Amino acid sequence: MTSLKSAYEGAVENLIQPGSPFETGRKSYGGVDTLAYVNAPKTLVALLAPGRAFADEEFLVYQDERYSFGEFFDQSDRLAQQLIAQFGIRKGDRVAIAMRNYPEWLVSFVAIASTGAVVVPLNSWGQAEELRLNLVDAQVSLVICDQQRLVLINPVALSMPAIVARSAEPLPENCASFQQLLNAVDTNDDPGAPPAVVIDGEDPAMILYTSGTSGRAKGALFSHRNCCQAIVNLEAVGAMAYILNADAFNGHAQLGAPAKSLLTVPLFHVAGLYSLFLLNLRNGRGIVMMHKWDPVTACQLIDREKITVVVGAPSMLLDLIQRDEFSAADTGNLINFSGGGAATPTRLAELVREKAPNALPGAGWGLTESGSAGTAFTGYPVTAKPGASGFVNPVVELRFCEEDGTEVATGTAGEIWIKSPTLINGYINAPEANASDFRDGWFKTGDIGYLDEDGCMFICDRAKDLVIRGGENIYPVEIENCIQSIPGVQRVAAFAVPSERLGEELAVVISCSSADLEQLTAEMVQQHCQEKLAKFKVPSFIKFTDLDLPMNAMSKVLKRQVKDIYFPLSE
């Protein structure tokens, strides 16, 4: 047993022992036996209640606005009262949130959940048709939106009432002003607590639409138990990070900097919702919210607000840390600089050590359906295992399988199946996907990966992205990470193009600055790959652009669109 594996297993044993807040045991939910945190809260109301104890401390910063925990909960309680009194919202009703990152988004989520209604966060990047389809698919009774989404959705045409935040324009019929609703609650009648609604852990809490890079989004239905187990799992992952990096965390504590996270990602995505919003609200930690991602603004906020935690997609973090503005900023308070949601390039950890030496790099793997649970690690294990995505979370079980579902040999790459109390039971209105992707409590993720001898996860790629060149398997993410290490490269997309001789060959599109566009050549890239990869993995076709590659809301490159633009005749 290596020292890394021994340290990890010792930390887990200490973390989940009987009597610990993170004690684990076998539980049965709907006939599915799974590991679970036995002391986790059962409902979102109970989960978030500890945050109320931090009443006078600062919770949220948005541009020039600042809110204490007390002010935040006061607003959410007022809105909850109005949802019930003015709109007749009852337990089980579905209420959508359709807006960019605003404080009202956070307030709305807590208010809806406290009434026992089901929160339906919508993709604020979505266009009119997608938003309306989701509203109909989820059978939404009420939508809380901003002015831009109000215009796109046109709730009047759907005979749907709406609450509109930050609108300076006259509102259509059946639409109410967010702020006026809060102001209408009698200031002498302090809400004080959420409405008294009896909620069970297995009651539906949220429908979160998947944000994959291809295909139509599906509505993932989460119970209160799913949500609570997921947040407690994130707390356990944080405790694990502390145990394995105690000296670094204790040294950072001497700075006296209050914990404050930069919210870089959309709230309709599980990373922003769970890892930043709900986790911080429960534990009395501050959030600095960005309206949208901008690396220069992020650098300014890190400096001005003394940010301690930055979490985002690896591509976002690479973009951020390589900016001149990042080097010029005061980053001395950073302790956690973590990428997740995609395989993390080794270059990111190297840049963290170089440009933010006080910060601990982090990496992880998870997905919407699992409530972000999966694998993770922080600090020295990231350095010891470059390219890995972490240790398996304490309440996560994994299988690695062939396409037909049979398990592969230990250490062999296979499609990842996951079981966890954080995992949804299925999608709404998607019987075919439920039949194919869920089996006896296990979920087929579509990702290919393996665990090494230390139990660390390595993500190879998406199953659908695999390139088979003359019978040899090529995982595009490996090639992308290799090319990403070339100075001047900003983003890379690798994919298959047809070949009469070999069946498929590997093509890549590389995004870089205009200055670097004149310096980078296909021969240079191929030589770099030949020095680091097997010969059959060297890309056959390479194109460069000084335009950014099309991406989704989580800064994942949309490979289908890239292929259509740069290799349109390859089908």
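Predicted, not measured: the structure shown is a model, and the values here were computed from it.
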Original post:
Among Leu320, Thr297, Thr308, Val288, which one satisfies side-chain contact (heavy atoms from CB on, under 4.5 Å) with Ile302?
Top reply: Leu320

**OP:** Can you tell me which residue pairs pass the ring pair (Phe, Tyr, Trp, His ring centres under 6.0 Å) test with a partner in residues 287-307, sequence neighbours excluded?
**Re:** Tyr102-His291

Original post:
Sequence neighbours excluded, which residues qualify as side chain to side chain contact (heavy atoms under 4.5 Å, CB included) partners of Asp437?
Top reply: Tyr427, Ala433, Phe443, Lys444

Subject >> Verdict with supporting geometry, Met457 and Val392, side-chain contact (heavy atoms from CB on, under 4.5 Å) >> reply: CA-CA 7 Å; Met457 170 77 91; Val392 181; 5.8 Å; no

Original post:
Judged by modelled atom types alone, do Gln527 and Glu531 share a side-chain donor-acceptor pair under 3.5 Å?
Top reply: yes

Subject >> Distance flag, aromatic centroids of Phe495 and Phe567, threshold under 6.0 Å >> reply: yes

Original post:
For the residue pair Phe249 and Tyr242, does the interplanar ring angle fall in the parallel (under 30°), tilted (30 to 60°) or perpendicular (over 60°) class?
Top reply: tilted

Subject >> The single option from Asp447, Thr375, Asn393 passing side-chain hydrogen bond (donor to acceptor under 3.5 Å, both in side chains) against Trp365 >> reply: Asp447

**OP:** With sequence neighbours excluded, tell me which residues meet side chain to side chain contact (heavy atoms under 4.5 Å, CB included) with Thr406.
**Re:** Glu402, Asp404

Subject >> Thr422: partners by side chain to side chain contact (heavy atoms under 4.5 Å, CB included), with sequence neighbours left out >> reply: Gln229, Ala230, Ser370, Ala373, Ser420

**OP:** For the pair Lys306 and Asp330, evaluate salt bridge (charged side-chain N to carboxylate O under 4.0 Å, His left out) and give the outcome as yes or no after the intermediate values.
**Re:** CA-CA 8 Å; Lys306 309 303 179 189; Asp330 178 3; 3.3 Å; yes

Original post:
Under the side chain to side chain contact (heavy atoms under 4.5 Å, CB included) test, which residues partner Leu517, sequence neighbours left out?
Top reply: Cys512, Phe544, Asp546

Original post:
Is the backbone N or O of Leu423 less than 3.5 Å from a side-chain atom of Asn226, with the two atoms forming a donor-acceptor pair by type?
Top reply: yes

**OP:** Any chance you could lay out the salt bridge (charged side-chain N to carboxylate O under 4.0 Å, His left out) test for Glu480 and Arg347, step after step, and finish with the verdict?
**Re:** CA-CA 11 Å; Glu480 291 165 354; Arg347 179 153 174 73; over 6 Å; no

**OP:** With sequence neighbours excluded, tell me which residues meet ring pair (Phe, Tyr, Trp, His ring centres under 6.0 Å) with Tyr475.
**Re:** none

